[in-house]
Each structure stands twice: as C-alpha cells, then as structure tokens.
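A quick write-up on the structure given underneath.
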Amino acid sequence: MEPVKPEETIAFDMYFASLCSMQVHPGAGSKDHRILSFEECRDKALHMLQLRRELLAKK
C-alpha cells in the first residue's frame, strides 16, 4: 500500500484516530466485536485512504 502523502495527512489522522478511539469505547469488545490493535487500526485507516484516493480519481 502506498505511504501517506503529505496532503493526505489530515484525512489519515482522522481515520486512524476515529478507529483507535472506538477501541477504547465502553462497548468495544462486546457481542461479536473484537477490539482491534493499533496496528490493525493503522491498516484499516490506510485502506480507507486508498478508497478515498480511488473515489477522488474518478472525478
């Protein structure tokens, strides 16, 4: 996966922070939801960034 470009830093930070903050929510780990590691949150944030790139490329 491509590294984060300087102009994507804010988007990545928001994705990563949102995913990480959900992991410390009181309901995290309940029912069928598994708490993600910070590394898994990073990978998901990078995937979200890739989806954003694809969407913007279609403009």
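Model, not experiment: these values are computed from the prediction. Values below: all heavy atoms of this structure, side chains included; hydrogens, waters and symmetry mates excluded.
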Run the side-chain donor-acceptor check on residues 14-22: report pairs under 3.5 Å with partners two or more places apart or on a different chain.
{"unit_1": "S18", "atom_1": "OG", "unit_2": "M14", "atom_2": "O", "d": "2.7"}
{"unit_1": "S21", "atom_1": "OG", "unit_2": "A17", "atom_2": "O", "d": "3.2"}
{"unit_1": "S21", "atom_1": "OG", "unit_2": "S18", "atom_2": "O", "d": "2.9"}

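E54 pairs by the side-chain contact (heavy atoms from CB on, under 4.5 Å) definition with Q50, L51, not counting sequence neighbours. For E2, there are no side-chain hydrogen bond (donor to acceptor under 3.5 Å, both in side chains) partners at least two apart in sequence or on another chain.
Heavy-atom neighbours of I10 CD1 from other residues, nucleotides or ligands within 6.0 Å: at or below the threshold of 12.
Rounding to the nearest 0.5 Å places CD1 of I35 at 8.5 Å from OG of S30.
Across all non-hydrogen atoms, the minimal contact from A11 to R52 is CB-NE, 3.9 Å. Taking all atoms of both residues into account, the shortest heavy-atom contact from V4 to L49 is CG2-CD2, 3.9 Å.
Contact check for Q23 versus R34: no side-chain heavy atoms found under the 4.5 Å cut-off.
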